[in-house]
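Below: the structure, in structure tokens.
The chains referred to below are lettered A, B, ... by the order of the sequence lines, with proteins before strands, and numbering in each begins at 1.
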Amino acid sequence: MKEDYPFGEIEAKWQSVWDQDGAFETNLEQAKNPYYCLMMFPYPSGKLHVGHGRNYIIGDAVARYKKMQGFDVLTPMGWDAFGLPAENAAIKTGTPPAAYTRANIATMKQQLRAWGCMYDWKKEVTSCEPDYYRWTQWLFLQLHERGLAYKKEAPVNWDPVDQTVLANEQVLPDGTAERSGAKVETRMLSQWFFKITDYAQRLLDDLDKLEGWPERVKTMQKNWIGRSEGTEIYFSLVSRSDGVKDAFENVPCFTTRVDTIYGCTYMSVAPEHPQLKEWISGMPQEEAVLEFIKDSAALNDIDRQSDTREKKGVFTGRFVINPYTGEEVPLWVADYVLMYGTGAVMAVPAHDTRDWSFAKKYDLPIRISIQNREGTLFLDEMDDAYTEDGICYDSAEFTGMPNRDAISRMSKKAEAAGFGKATVNFRLRDWLISRQRYWGAPIPIMYNESGQAVPVPADQLPVLLPEDVEFKPTGESPLRSSEEFMKAIHPESGAHCVRESDTMDTFVDSSWYFLRYLSAQDDRQAVDAAIANKWMPVDQYIGGIEHAILHLLYARFFTKVFYDLGLIDFDEPFKQLFTQGMICKKGSDGNLHKMSKSKGNVVSPDELLKKYGADTVRLYTLFIGPPEKEAEWQDAGVEGASRFLKRLWRRVADNHTLLLEAADLKITMDEMETPERDLYRKTHETIQQITRGLDGAFTFNTAVAGIMELMNAVDQLKISEDSSRAAKAVYRDAMETVVLLISPFAPHIAEELWSELGHPKSVLQARWPEVNKRALERDVIEMVIQVNGKTRDKLQVSASASTESIEADVLALDSVQKWLEGKTIRKVIVVPGRLVNVAAS
RNA sequence: GCCCAGGUGGUGAAAUUGGUAAACACAAGGGACUUAAAAUCCCUCGACUUUGGUCUUGCGGGUUCAAGUCCCGCCCUGGGCACCA
């Protein structure tokens with residue numbers, strides 16, 4: 001056995017062995033004990049850095065651990081291969097996106113292998129290949145058939161840099177695009193949507209089923225869905241231009257505070273309200289209102305929604321009738337009203353801070369309709385709206401009722417009288433999926449002469465991406481430049497049609513890839529139900545927190561649609577979710593940033609692998625800190641991991657003969673003297689600690705620390721040829737345990753040492769060590785002795801000693817007596833196996 | 001503003017869930033080996049200290065024999081939502 005740890009040699013060797021053995025290939029039909037370990041598939045951007053590595057290293061560790069526990073583990077890998085960077089690269093360098101993407105995939109595959117992250121490549125999927133996007137298109141057709149995919153003219157988010165529209169989820173709270181960073185504009189365009197809002201309630205309710213998901217991810221999804229319960233009330237619009245009150249239309253408005261309705265003194269609608277122009281037509285105020293609409297439209301969403309900006313509005317000249325009071329109130333258009341709910345809100349300045357400031361500015365009347373418990377609310381003493389709970393006031397038959405109770409009563413009244421109803425509103429909007437870019441799956445639709453959408457028949461899929469296109473982004477899909485592509489024939493009439501030229505958002509591709517892995521080679525169907533039902537939901541999903549809303553919400557939506565289509569019999573895709581933190585490093589500006597090319601803080605794995613080997617990089621990545629938290633990459637830390645692996649290697653090499661000889665020793669615990677008994681106990685304590693950590697919270701950092709501690713304990717047992725049989729046997733047992741425990745983290749060195757310890761088969765086929773409960777027992781326990789809560793001494797106590805005898809022994813100690821001088825003992829607390837605290841005063 | 005996570009040595013962090021605060025590492029300092037260096041091995045390493053101890057987990061209170069951990073009130077950092085009626 002070599003003296004020095006030859007990481008380069010053994011890593012190459014074992015990677016080939018795993019490949020040849022098909023160690024990571026899974027027979028989906030025959031597997032008896034399925035465990036689906038999934039990592040978010042990467043976008044093939046070129047090269048992986050050590051920050052990306054965390055995801056795959058954690059996933060590989062889980063897969064190996066579960067394998068050793070006897071599961072039939074499926075760990076597939078694939079490529080989220082459509083997307084803008086490839087297209088932008090094509091514009092810049094002239095390399096076609098397909099070639100660029102395939103080259104990146106080859107590089108990254110090699111990198112993953114070099115890390116020792118092994119996958120079942122027989123199940124690889126690549127979303128930009130026709131054998132994949134054919135089924136993405138097929139799924140689009142399924143949604144279309146059921147009315148879940150539709151096209152409509154709507155105000156959409158336009159990214160002026162990437163020259164395409166974006167989904168709401170792709171726009172950051174500051175109004176910039178998640179991908180390009182450009183300030184997003186609003187445009188009216190006709191676009192394709194998926195009707196995710198139909199699933200809002202289920203997406204919300206089923207979050208409760210996801211016990212294995214981090215609470216914060218569930219909270220984020222909950223906020224995003226944004227359910228609010230309230231009442232829709234129909235106010236009648238009246239014209240008073242000729243002095244006659246002719247109610248000619250209903251203006252529905254949504255409120256969560258119907259209890260305040262008797263304090264409603266005006267109504268405001270959003271400037272984009274679709275009927276507004278109609279209502280003001282011919283009014284003396286028409287010009288002023290149109291002007292106002294124009295001004296509001298000029299503001300982008302960020303400025304418009306900034307809460308520091310002063311609210312603006314104008315009177316429309318029209319009035320509406322509050323159906324509860326029969327009273328006429330003026331109708332305003334105000335820029336603080338959004339096209340949410342119905343785009344119209346009843347304004348109650350006394351009980352809503354926004355209405356308050358608006359009413360103050362435009363001198364609109366304010367009327368109290370909720371009184372506080374003390375009855376001390378007076379208009380002239382208020383300097384802001386009263387938004388707390390209270391008692392209905394000046395509210396007809398509801399006066400005196402607690403306002404919370406009034407909400408349902410008032411809703412019921414509206415329903416009974418036909419001027420309103422209880423309603424639920426969601427913040428969630430439909431998912432905008434069309435993109436005016438080339439590198440995506442074409443939307444399988446054509447248009448006939450009258451412009452009607454005709455779905456491409458399923459048997460004509462895939463609609464192939466053409467290659468003869470001009471990439472330059474013009475705001476129009478590049479596909480339009482391909483004459484061949486644009487031509488289509490109506491499936492029934494044979495008439496000439498024009499193809500849809502937009503492509504699908506790449507989040508569509510990634511919303512179902514975990515299902516396709518299970519049928520990757522199947523060219524007859526998207527998903528094989530029997531296999532999917534056997535393997536899904538995914539047992540463990542691992543990925544970045546940045547996908548908490550986008551990808552994870554869309555994937556849940558798709559799974560529910562599949563369920564409704566009868567394709568599968570489960571309706572949530574991921575049982576257990578783990579979101580790892582990002583790896584950061586000080587950038588060229590001296591601040592900590594997420595690793596990225598633009599910040600100049602990327603650590604490339606290539607040099608590290610050459611200098612230290614993959615196992616060192618893996619071990620350090622796991623040791624760096626709690627895996628769910630962000631971590632700062634420190635090059636010096638890698639050195640520590642390397643030192644440890646070298647030491648482990650040396651211990652085996654130095655005692656190689658002895659370790660091999662000890663293989664056949666059969667001993668019992670009775671033969672062990674104290675030092676080896678201690679090591680034996682430590683060995684099993686470590687097994688317990690690490691196994692618990694891997695099953696629960698993924699505490700890889702403490703698992704690695706635990707192995708290091710065990711190694712330190714191994715070094716405490718001085719071993720030589722002259723040592724006892726028991727000592728040798730325990731020593732070997734401890735070393736074998738170290739190798740087994742470290743194998744999910746540092747698999748190459750573990751394989752090599754396992755074989756050096758005389759095992760002919762791969763460590764992956766060894767069983768994960770089990771805790772021997774008897775090994776954990778102690779005859780003598782060290783107890784901490786406290787006086788008044790301060791540690792004063794320690795005492796070795798027999799494990800069988802009674803509380804009374806321990807108490808007596810403790811009180812006899814000089815070190816205790818010293819602190820009790822002149823005091824009366826009040827109480828003695830004995831915590832068995834832990835400590836004794838003498839309380840005295 | 002609302003909701004959620006956090007705040008522990010020079011650094012990354014641990015702490016069996018209320019029971020010895022700082023495990024395991026990194027960095028630093030000292031020593032051994034060496035002609036020398038690297039590597040390796042050993043020791044020190046929260047602060048103060050009269051070497052007896054005292055203090056120490058963002059700050060201030062509280063509960064308890066005992067609080068990093070529980071409760072109340074603040075401060076700070078990160079994340080999510082935010083003119084959503």
TODO: For nucleotides U57(B) and A23(B), find the distance between their C1' atoms and express it as a whole number of Å.
DONE: 15 Å
TODO: Could you tell me whether K218(A) contacts a base, only the sugar-phosphate backbone, or nothing, with contacts defined as non-hydrogen atoms closer than 4.0 Å?
DONE: nothing
- [ ] Between M220(A) and S228(A), just flag the one whose closest nucleotide in RNA chain B comes earlier from the 5' side.
- [x] M220(A)
Open item on the list: Mind checking if R792(A) touches a base, just sugar-phosphate, or nothing, with heavy atoms under 4.0 Å?
Closed with: sugar-phosphate
Open item on the list: Please report whether the ring centroid of F7(A) lies less than 6.0 Å from that of W649(A).
Closed with: no
Open item on the list: Suppose you measure atom P in G12(B) against the same atom in A27(B); what distance do you get, rounded to whole Å?
Closed with: 15 Å
TODO: Identify whether the distance between the nearest side-chain nitrogen and carboxylate oxygen of E777(A) and R681(A) falls below 4.0 Å.
DONE: no
Open item on the list: Taking the P atom in each of C71(B) and A5(B), what is the distance between them to the nearest angstrom?
Closed with: 12 Å
Open item on the list: From CZ of F644(A) over to P of C26(B), roughly how many Å is that when rounded to an integer?
Closed with: 11 Å
TODO: Once you apply the 3.5 Å cut-off to both distances, tell me the Watson-Crick or G-U wobble partner of A67(B), or none.
DONE: none
Task: Distance under 6.0 Å and angle within 45° of ring axis: K311(A) vs Y336(A) - done: yes
Open item on the list: Between the base of U20(B) and the side chain of K794(A), is one N or O donor paired with an acceptor at under 3.5 angstrom?
Closed with: yes
Task: Partner nucleotide of C2(B) by Watson-Crick or wobble geometry (both distances under 3.5 Å) - done: G80(B)
Open item on the list: Only pairs with both distances under 3.5 Å count, Watson-Crick or wobble alike; so what is the partner of U8(B) in this structure?
Closed with: none
Open item on the list: What's the gap between G53(B) and C4(B) when it is taken at their C1' atoms, as a whole Å value?
Closed with: 43 Å
- [ ] Take atom CD of Q634(A) and atom P of U11(B), then tell me their distance rounded to the nearest Å.
- [x] 11 Å
Open item on the list: Nearest heavy atom decides the nucleotide; on that basis, is G625(A) or E639(A) closer to the 5' end of RNA chain B?
Closed with: G625(A)
Open item on the list: Looking at A85(B), I'd like to know if its phosphate oxygens (OP1 or OP2) sit under 4.0 Å from a side-chain N or O belonging to Y340(A).
Closed with: yes
Task: Whole-Å distance separating the CG atom of L622(A) from the C1' atom of G12(B) - done: 15 Å
Open item on the list: Over all strands shown, is I624(A) touching base, sugar-phosphate only, or nothing at heavy-atom distances under 4.0 angstrom?
Closed with: sugar-phosphate
Open item on the list: Tell me the interatomic distance from F235(A), atom CZ, to A85(B), atom P, rounded to whole angstroms.
Closed with: 16 Å
Open item on the list: Any base atoms under 4.0 Å from D355(A), or only sugar-phosphate, or nothing? Heavy atoms, all strands.
Closed with: nothing
- [ ] Would you classify N425(A) as touching base, sugar-phosphate or nothing, given that sugar-phosphate means primed atoms plus P, OP1 and OP2, and contacts are heavy atoms under 4.0 Å?
- [x] nothing
TODO: Provide, to the nearest angstrom, the distance between the CG atom belonging to L741(A) and the C1' atom belonging to C24(B).
DONE: 15 Å
Open item on the list: Side chain of F623(A), heavy atoms from C-beta onward: which of A25(B), A13(B), A23(B) has the nearest atom to it?
Closed with: A25(B)
Task: Atom pair distance, as rounded to whole Å: CG in N712(A) and C1' in C42(B) - done: 13 Å
- [ ] For G79(B) versus A85(B), give the span between their C1' atoms, rounded off to a whole number of Å.
- [x] 26 Å
Open item on the list: Without decimals, in angstroms, what is the distance between K222(A) NZ and C2(B) P?
Closed with: 18 Å
Task: P spacing across the pair G30(B) / G78(B), given as an integer number of angstrom - done: 39 Å
- [ ] Answer yes or no: side-chain N or O of N223(A) and base N or O of C81(B) forming a donor-acceptor pair under 3.5 Å.
- [x] no
TODO: Can you tell me, in whole Å, how much space there is between the P of G9(B) and that of A47(B)?
DONE: 12 Å
- [ ] Indicate syn or anti for G29(B), taking the glycosidic torsion and treating anything within 90° of 0 as syn.
- [x] anti
Open item on the list: Determine whether the aromatic ring centres of residues F419(A) and Y234(A) are separated by less than 6.0 angstrom.
Closed with: no
Open item on the list: Looking at E632(A) and K585(A), is any side-chain nitrogen of the basic one under 4.0 Å from a carboxylate oxygen of the acidic one?
Closed with: no
- [ ] Answer yes when R778(A) and E685(A) have at least one side-chain N-carboxylate O distance shorter than 4.0 Å, and no when they do not.
- [x] yes
- [ ] Pick base, sugar-phosphate or nothing for G640(A), based on heavy-atom distances below 4.0 Å to the nucleic acid.
- [x] sugar-phosphate
Open item on the list: Just to be sure I understand the rule, does R643(A) reach a base, reach only the sugar-phosphate, or reach nothing, if contact means heavy atoms closer than 4.0 Å?
Closed with: sugar-phosphate
TODO: Would you please confirm or rule out a distance under 4.0 Å between OP1 or OP2 of A14(B) and any side-chain N or O of N701(A)?
DONE: yes
Open item on the list: Between S395(A) (side chain only) and C392(A) (backbone N and O only), is there a donor and an acceptor less than 3.5 Å apart?
Closed with: no
Task: Lys/Arg-Asp/Glu bridge criterion (N-O < 4.0 Å) met for K312(A), E310(A) - done: no
TODO: Rounded to whole angstrom, note down the C1' distance from A22(B) over to G31(B).
DONE: 26 Å
Open item on the list: By the 4.0 Å heavy-atom rule, please label E632(A) as base, sugar-phosphate, or nothing.
Closed with: nothing
Open item on the list: Using whole Å, what does the distance between atom P of nucleotide C83(B) and atom CZ of R257(A) come to?
Closed with: 19 Å
Open item on the list: Need the glycosidic conformation of U56(B): syn if within 90° of 0, anti if not. Which one?
Closed with: anti
TODO: Have a look at R647(A) and say if it touches a base, only the backbone sugar-phosphate, or nothing, with a 4.0 Å heavy-atom cut-off.
DONE: sugar-phosphate
TODO: Would you classify F426(A) as touching base, sugar-phosphate or nothing, given that sugar-phosphate means primed atoms plus P, OP1 and OP2, and contacts are heavy atoms under 4.0 Å?
DONE: nothing
